[in-house]
Amino acid sequence: MESLEHINALTLVFAALCIFAIAYRVYGIFLANKVLRLDAGRITPAVRFADGHDYVKTNEFVLYGHHFAAIAAAGPLVGPVLAAQFGYLPGALWILIGCVLGGAVHDMVVLFASVRHKGQSLSAIAQREVGPVTGTVAGIAVLCILILTLAGLSLACISAMHNAPWSLFIVVITMPIAMLMGLIMRFKQNSVMLASLVGLVLLVVGILSGHDLMQKDVLGWAFDWNRDTVALAIAGYGFLASVLPVWFLLVPRDYLSTYLKIGTILMLAVGIIFVQPTLLMPTITPFINGGGPVIGGPALPFIFITIACGAMSGFHAIIGTGTTPKMIGNERDILFVGYGAMLTEGFVAIMALIAACTLMPGDYFAINSTPDKFSSLIAAHPALNTVDLGFFEEKIGLNLHARPGGAVSLAVGMAHIFHKIPYMDHLMAYWYNFAVMFEAVFILTAIDAGTRVGRFFLQEMLGKVYAPFGDKNWTPGVYITSFIFTSMWGYLMYTGNISNIWPLFGLSNQLLAGCALIVCTSMLLRMNRGKLSLVTAIPGVFLTAVTFWAGYLQVTKTYIPGGKYLLAFLACLVMVLMVFVLVGTIRRWLELMNTKGTVNDAYGEPVRALAEE
C-alpha cells in the first residue's frame, strides 16, 4: 500500500478542535444572528404549551445533554471506522467540512423551524412550508426511515450486549439512576448540580463495581442474557421511554449517559495526547476507487453514506423536530443545543476514526472482513497480514477475527491506545469491555428518543383519521401508538440481522437530511432571508445529489446482482418518495422567490416584511 508519510494522531485532534471552535464562534453566531435572528424574548412552545409531560422548559445544559445523547447513536462511532477502509484522509475531510457547513447547520436550522412551528414534526413543517401533498409524502418517508433506523441501531446494540453481563449491567443501572435524578430535578428547585453529582457518583460506583459483581459465581448469571432476551428488553425499554414523562426517564438518562459519552471521548483524547500514536492506516488506500473488503463501492460517493451521523444525519432532524424543540426555554439556546451538540458529535467521529486508524491495516481488515474476503485480500496484498491481532486476542480473551460492523475494531483501537499508558497494560480486557458498553449506551439513547418521536408521528397521522389521536395528552392514544410503533421496529429487530437492514440506513438517513435542509430553505425564503437561504440550500442539494448517486450504485452494483431484490425495492422506494419531496419543494422555492410583501411567522401573526439581503 502506498501512502503519504504517516502522521501523529495528535495533529488531527488539534486540527479538529481548532476548526470546531472557530466554526462555533464565527459561523454558528452568524447563523444565530443574521440568518435565523434568534429572539430571546420570544415565547417558546415549551412555555406556551407547557404540560409537564412532553412540553417541559428545560435547563440548557440538561437539554444539551439530552439532545447530544439522542443524536449521537452508533453513526459517529461505526461510520468513521468503516470508512477507514479508504484511508484516514477522506473520512477526516468529510467529517470536518461536512459537520461545520452541513450537519451543524442542518441541526440548528431544523430545531429552529420546529420551535417556530409549535414543536411540530418535520412532516407538519413540510405541510405548512411546502404543501399538504409534499408534507404527507415526507411524513411517510420519515416514518419508514425511522423504523429502519431504530431496527438497525437495536441490532447493533444486541450484538454488543448479549452474553456480556458487565456491559449489560452498566446499561441497566443507568435507568434507576436516571429516574432518581429526574425526581430530584423535578421536585427540588435549582437542583441540576445536585442531581448531576448524585448521578455521576452512582454511575462511577456502578462502573467500578460491575467488573467484580458480574463474575459468573456472583451476579453474572443474572445478566447473562441471550440475544432474544436482550431484543425483547430493548423493545420494552423503548415502549417505556415513549410513554413515561420526559422528565422522569428519557431526559435524565440521556443527560446521565452524556457524562459517560463525553467523559470517554475526553479520556480517549487525553490518551492520544499522552501516547501520541501514529496513524498507521495509509492516507489513501487502493480501495479509494472501490473493491474493498469492508465497503464495496468507491469513496466517492460512498463516503457520504458511510459516515452519516458524524458529519450530517437525517436522524437528527427527527430528534430536532421531536423531543428537543418541546423543551427549549429560550430561542438563543438553539445555537448551543443545535450547532454545539453536532460539533461535539463531529469530534466523537474524529476520535473513532483515529482509534481505528492507529491499528495496523492488516489487523483492521482481519477484524472487519469475512474469512473469505480476508484471504483474497492477503493474496492480493501480502503486506496486509495480521501483525498484533494475536496479542490483542490473548489480552482480551476473545477471537477477534471476522467481527465486522465497526464496533469491535473501535473497541480494540481504544484498548490499544489505553494499554500503552503506564500501568494500564494488564487492563486491556477492562478497556475493551468498557468500550463495548460505551457504544451500547450511545445506541440506546437514540432508541428511547427515536421511539418517542415515532409515537408523535403516528399520533399526528392517526389524528387525521380519528381526532383524539392528535391530542398528545390522550392517554389511550399515547399507549396505542407507542405499542404499534415499537412493535414495527421491534419485529424487524427480532427477526432481522444487521447486514440486511444497516446498508439502507446510510442511504435513507442522508436522503432525510437533504429533505430537511430543502424544506427549511423554503421557510427561510418565506421569511425573506433571500440569499442567506443558500446556507441550507447548497448543502441540501449537494447531499441529495450524492446520495442518489450512491443509491443508484448500491442498487445496480450490489443489490440486484446479489439477488437482494427486497433491499433494492426498499432503497428505490425511499428515493422515489424523496423525488416527490424535492420536486414539490423546488416548485415552492420558485413561487416564494416571485412573491413580495408581508410574511407570517409560524403562529400566523403578521410581521413587517424584511428586505432581501
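These numbers come from a predicted model, not from an experiment. Along the sequence shown, residues carry numbers from 1.
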### Message
How long is the straight-line distance from CG of L577 back to CG of L582, given to the nearest 0.5 Å?
### Response
12.5 Å
### Rounded distance [0.5 Å steps], OG1 in T536 versus CZ in R529
11.5 Å
### Task
Mind running side-chain contact (heavy atoms from CB on, under 4.5 Å) on L524 and L36 for me, showing each step along the way?
CA-CA 8 Å; L524 294 179; L36 304 183; 4.0 Å; yes
### Message
Using side-chain contact (heavy atoms from CB on, under 4.5 Å), reason through I318 and F315 one step at a time and then give a plain yes or no.
### Response
CA-CA 5 Å; I318 296 174; F315 179 73; 4.3 Å; yes
### Query
Any ion pair linking R526 and E129 (charged N to carboxylate O, less than 4.0 Å)?
yes
### Query
Excluding sequence neighbours, so at least two apart, what forms salt bridge (charged side-chain N to carboxylate O under 4.0 Å, His left out) with E331?
R42, R116
### Message
Just verifying a value: how many Å separate Q120 CD and K326 NZ, rounded to the nearest 0.5 Å?
### Response
8.0 Å
### Message
With a 6.0 Å cut-off on the ring centroids, do F336 and F61 count as close?
### Response
yes
### Task
Apply the side chain to side chain donor-acceptor pair (under 3.5 Å) test between H67 and each candidate in T58, T323, T324; give the one that qualifies.
T324
### Ring centre gap for F302 and F287 strictly below 6.0 Å
no
#### Entry: From OG1 (T306) to CD (Q510), nearest 0.5 Å
9.5 Å
### Message
Rounded at 0.5 Å granularity, tell me how far CG in L279 sits from CG in L353.
### Response
7.5 Å
### Task
Could you tell me whether the side chain of Y339 and the main chain of V100 form a donor-acceptor pair under 3.5 Å?
yes
### Side-chain (T451) to main-chain (S242) donor-acceptor, under 3.5 angstrom
no
### Message
Test your reading of the model: is there a side-chain donor-acceptor pair from H316 to the backbone of I71, 3.5 Å cut-off?
### Response
yes
### Message
Tell me every residue that passes salt bridge (charged side-chain N to carboxylate O under 4.0 Å, His left out) with R332, counting only those two or more places apart in sequence or in another chain.
### Response
none
### Query
Under 3.5 Å, side chain of T321 to main-chain N/O of S114, donor-acceptor pair present?
no
## Note on the structure
Correct closest heavy-atom pair for S522 and T585 would be OG-CG2, 3.3 Å
#### Entry: Residue pair V109, L517: steps toward the side-chain contact (heavy atoms from CB on, under 4.5 Å) verdict
CA-CA 8 Å; V109 176; L517 282 167; 5.7 Å; no
### Query
Taking all non-hydrogen atoms of both residues, which atom of L343 and which atom of F20 are closest, and how far apart?
CD1-O, 3.4 Å
### Task
For S533 and G530, indicate whether the former's side chain and the latter's backbone hold a donor-acceptor pair under 3.5 Å.
yes
### Message
Using 0.5 Å steps for rounding, measure from the OG1 atom of T358 to the OH atom of Y88.
### Response
13.0 Å
### Message
Show the nearest heavy-atom pair for residues G102 and P539, with the distance to one decimal.
### Response
CA-CB, 4.2 Å
### Query
Is the shortest heavy-atom distance from the side chain of L150 to the side chain of M488 under 4.5 Å?
no
### Summary
Given the options E591, M593, R587, W589 meets side chain to side chain contact (heavy atoms under 4.5 Å, CB included) only with M593
### Query
In this structure, are over 12 heavy atoms from other groups packed under 6.0 Å from Y24 atom OH?
yes
#### Entry: Heavy atoms of other groups near F30 CZ, more than 12 under 6.0 Å
yes
### Message
I'd like to know whether M108 forms a side-chain contact (heavy atoms from CB on, under 4.5 Å) with L335, so could you lay out the CA-CA distance, the side-chain angles of the two residues, the decisive distance to 0.1 Å, and finally the verdict.
### Response
CA-CA 6 Å; M108 185 177 178; L335 170 62; 3.8 Å; yes
